[in-house]
Visitor: 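Take a look at this one; I'll ask things after.
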Amino acid sequence: MQADILLGLQWGDEGKGKVVDFLAPQYQVVARFQGGPNAGHTLEFDGAKYVLHQIPSGIFHQESMNVIGNGVVLDVIVFRKEIHALNRNIEDIRKNLLISKKTQLIIPTHRVLDAASEASKGKDKIGSTLKGIGPAYMDKIGRNGLRVGDILQADFKEKYNKLLQKHLNLLKQYNYTDYDLPALEKDFFDAIEFIKTFQLADTEYFVNEALASGKTLLAEGAQGSLLDIDFGSYPFVTSSNTSAAGASTGLGLAPNKIGKVMGIFKAYCTRVGSGPFPTEQDNDLGEQIRKEGREFGATTGRPRRCGWLDLPALRYAIMISGVTELFMMKADVLSILDEVKVCTHYQLSDGTITDKMPYCLISEPVTPIYQTFKGWKTDLTSKRNVQDLPQTFLEYIEFVERTLGVPITLVSVGPDRTQTILRK
Ligand code: IMP
């Protein structure tokens, strides 16, 4: 078998939680491969709403095995809170969840460093979720990090103290004192004991053996392709590879083990935090979309910036990840509008018109060129079949699909599992 990947193609918050939950019954293994508690995957079913930050979205399906891969950075305190919030039998969760021993740990001072670094940047701040993601990946790449497997070793405390000392020196340089280390450490070491009761494993063997024995596997991306450390709007990005390649390094799956790459996008765009956003509508229209789409961060509660669908950006994300099929989310939100716009090209400052992403949207700002569509003005949330969709909306879907050259196979018309239409 080959592994399938599910990715967000914009700036995150595309609705990955809902789709993984919807797809999970088809997969025997669901694995997270990058990111950490900066993610917030929202799932709604049976009248209840859950937000998962680090636990794979297959956890609600008894038959799915869930893997937190080596590419993830794990905050054990957030993890413990998440487990309790699931309201599930903890023994069942223990049976269905594997954590890679090679997963990097976020220690409390990573979070403090994130805050200190952002504070020092002033108006140039990234708009980080302040969950310690950047500092934890810095320590990973700098070869100073602590891994989940280390907590089982006798010298864990020694290694921790070494890293702590490095962080305290850095915090001194930032002149940052706004933290209570003893309280943070108590919580951290309690949570370390908690995590020891879970299955800590060499998950690269698990995922490869699962595929070899014919099991289906879904790699669940976090954040979005335009926040990718290499291909996103650097430096306003997250610190991991959110594109398809991240699934290979973050789980130990060779590229020839990858099958379908499913890309999710919203029928409009949102971005949370700082950074360029060519189609942003920083006006009443953006406010209307934010309200109708409940566009507030699942992790931080921050209002999301809203704007029109950006096809050059989407096409770029599709190219980088080799996306084979597309899922369109939240078109129901646009039902309130008389007309809907889509950015098809960018105009550069020298007048050139292009459908490619420039090297840097900050130093090379672009003016979006739009195509306008008649609004569908129909409540889509109760629709369950393609035949029931209004013609105006079908024309919008077909235009997007034709321009991107990848089939849109799923259309989501609401947050619940049942509000999902399969197209082909
Ligand atoms: P960090 O990953 O917390 O350092 O944040 C870096 C940037 O990525 C900020 O602009 C965040 O708002 C954004 N970001 C991080 N995680 C997510 C996510 O899951 N959804 C949307 N934006 C995110």
Side-chain angles (χ1 to χ4, degrees), residues 6-20 32-43 50-57 71-75 78 82 104 106 109-121 123-141 220-243 246 250 263-266 268-277 280 290 293-307 310 313 317 329-330 361-362:
L6 184 82
L7 297 170
L9 297 180
Q10 295 161 319
W11 285 281
D13 309 317
E14 297 90 352
K16 291 174 290 291
K18 168 182 165 162
V19 173
V20 188
R32 280 277 310 267
F33 57 88
Q34 46 69 231
N38 49 350
H41 292 178
T42 306
L43 289 74
Y50 301 88
V51 181
L52 295 174
H53 298 286
Q54 302 173 110
I55 298 171
S57 303
V72 169
V73 285
L74 184 73
D75 184 324
V78 177
E82 258 185 279
Q104 295 277 327
I106 297 178
T109 38
H110 281 133
R111 269 183 279 131
V112 182
L113 277 169
D114 217 355
S117 162
E118 283 284 79
S120 76
K121 287 191 162 116
K123 68 172 182 30
D124 294 327
K125 69 176 186 183
I126 306 292
S128 161
T129 59
L130 301 181
K131 302 291 176 191
I133 306 296
Y137 277 115
M138 273 167 68
D139 276 331
K140 172 180 180 174
I141 301 301
E220 174 185 7
Q223 290 80 53
S225 306
L226 304 175
L227 290 171
D228 185 279
I229 183 74
D230 284 285
F231 299 106
S233 43
Y234 194 87
F236 298 100
V237 292
T238 191
S239 299
S240 61
N241 281 117
T242 56
S243 46
I264 311 188
F265 68 103
K266 278 194 279 215
Y268 51 95
C269 284
T270 61
R271 175 163 202 168
V272 64
S274 325
F277 181 179
E280 179 169 18
R290 181 179 311 122
R294 295 184 288 159
E295 294 295 354
F296 295 88
T299 299
T300 57
R302 292 180 291 179
R304 296 178 185 143
R305 301 156 63 194
C306 297
D310 183 337
M329 313 298 286
K330 294 186 92 164
L361 283 169
I362 304 158

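Each ligand, and each atom within it, is numbered from 1 in the order the structure gives.
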Visitor: Got a sec, which residues hit salt bridge (Lys or Arg N to Asp or Glu O under 4.0 Å) with Arg271, two or more places apart in sequence or on another chain?
Guide: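 Listed in chain order: nothing, the list is empty.
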
Visitor: Heavy-atom contacts with Thr238 under 4.0 Å: which atoms of ligand 1 show up? List them by number with element.
Guide: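 This gives 1 (P), 2 (O) as the contact atoms.
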
Visitor: Are more than 12 heavy atoms from other residues, nucleotides or ligands located less than 6.0 Å from atom CZ of Arg302?
Guide: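 Yes, because the 6.0 Å sphere around CZ of Arg302 holds more than 12 heavy atoms from other groups.
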
Visitor: Does the side-chain contact (heavy atoms from CB on, under 4.5 Å) test come out yes or no for Leu7 and Thr242, once each step is laid out?
Guide: CA-CA 8 Å; Leu7 297 170; Thr242 56; over 6 Å; no

Visitor: Scan side-chain atoms only and decide if Asp13 and Thr270 contain a donor-acceptor pair under the 3.5 Å cut-off.
Guide: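 Distance-only check fails for Asp13 and Thr270.
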
Visitor: Which atoms of ligand 1 are found less than 4.0 Å from any heavy atom of Trp11?
Guide: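 Counting atoms of ligand 1 from 1, those under 4.0 Å from Trp11 are 21 (C), 22 (N).
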
Visitor: State if Gln223 counts as touching ligand 1 under the rule of any non-hydrogen atom under 4.0 Å.
Guide: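 A heavy atom of Gln223 does come that close to ligand 1.
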
Visitor: Should Asp114 be counted as touching ligand 1, given the test is an N or O pair under 3.5 Å?
Guide: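 Among all N and O atoms of Asp114, none is under 3.5 Å from an N or O of ligand 1.
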
Visitor: Output the list of atoms in ligand 1 that are nearer than 4.0 Å to some heavy atom of Arg302, sorted by atom number.
Guide: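 Those of ligand 1 that fall under 4.0 Å from Arg302 are 11 (C), 12 (O).
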
Visitor: Any nitrogen or oxygen of Ser239, side chain or backbone, less than 3.5 Å from one on ligand 1?
Guide: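 No, there is no polar N/O contact under 3.5 Å.
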
Visitor: Nearest heavy atom to atom 9 (C) of ligand 1 wins, so pick from Gly36, Gly127, Pro235.
Guide: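 Nearest heavy atom to atom 9 (C) of ligand 1 lies in Gly127.
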
Visitor: Taking distance alone, with no angle check, do Ser274 and ligand 1 share an N/O pair under 3.5 Å?
Guide: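 Between Ser274 and ligand 1 (N or O atoms, distance only) the closest approach is not under 3.5 Å.
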
Visitor: Is the closest heavy atom of Ala39 to ligand 1 under 4.0 Å?
Guide: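 It does; at least one heavy atom falls under 4.0 Å.
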
Visitor: Side chain or backbone, does Val272 bring an N or O within less than 3.5 Å of an N or O on ligand 1?
Guide: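 Yes - when backbone and side-chain N and O of Val272 are compared with those of ligand 1, one distance drops under 3.5 Å.
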
Visitor: Can you find an N or O of Asp13 that's nearer than 3.5 Å to an N or O of ligand 1?
Guide: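 Min N/O separation from ligand 1 is below 3.5 Å for Asp13.
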
Visitor: Please confirm whether Arg271 approaches ligand 1 to less than 4.0 Å, judged on its heavy atoms.
Guide: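 Contact absent.
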
Visitor: Using a 4.0 Å cut-off to any heavy atom of Leu227, which atoms of ligand 1 qualify?
Guide: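 Once the distances to Leu227 are compared, the set is 8 (O), 13 (C), 14 (N), 22 (N), 23 (C).
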
Visitor: Report the residues that fulfil salt bridge (Lys or Arg N to Asp or Glu O under 4.0 Å) with Glu295, sequence neighbours left out, ordered by chain and then residue number.
Guide: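 Salt bridge (Lys or Arg N to Asp or Glu O under 4.0 Å) check on Glu295 returns Lys266, Arg304, Lys330.
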
Visitor: Passes side-chain hydrogen bond (donor to acceptor under 3.5 Å, both in side chains), Asn38 versus Gln223? Steps please.
Guide: CA-CA 8 Å; Asn38 49 350; Gln223 290 80 53; 3.0 Å; yes

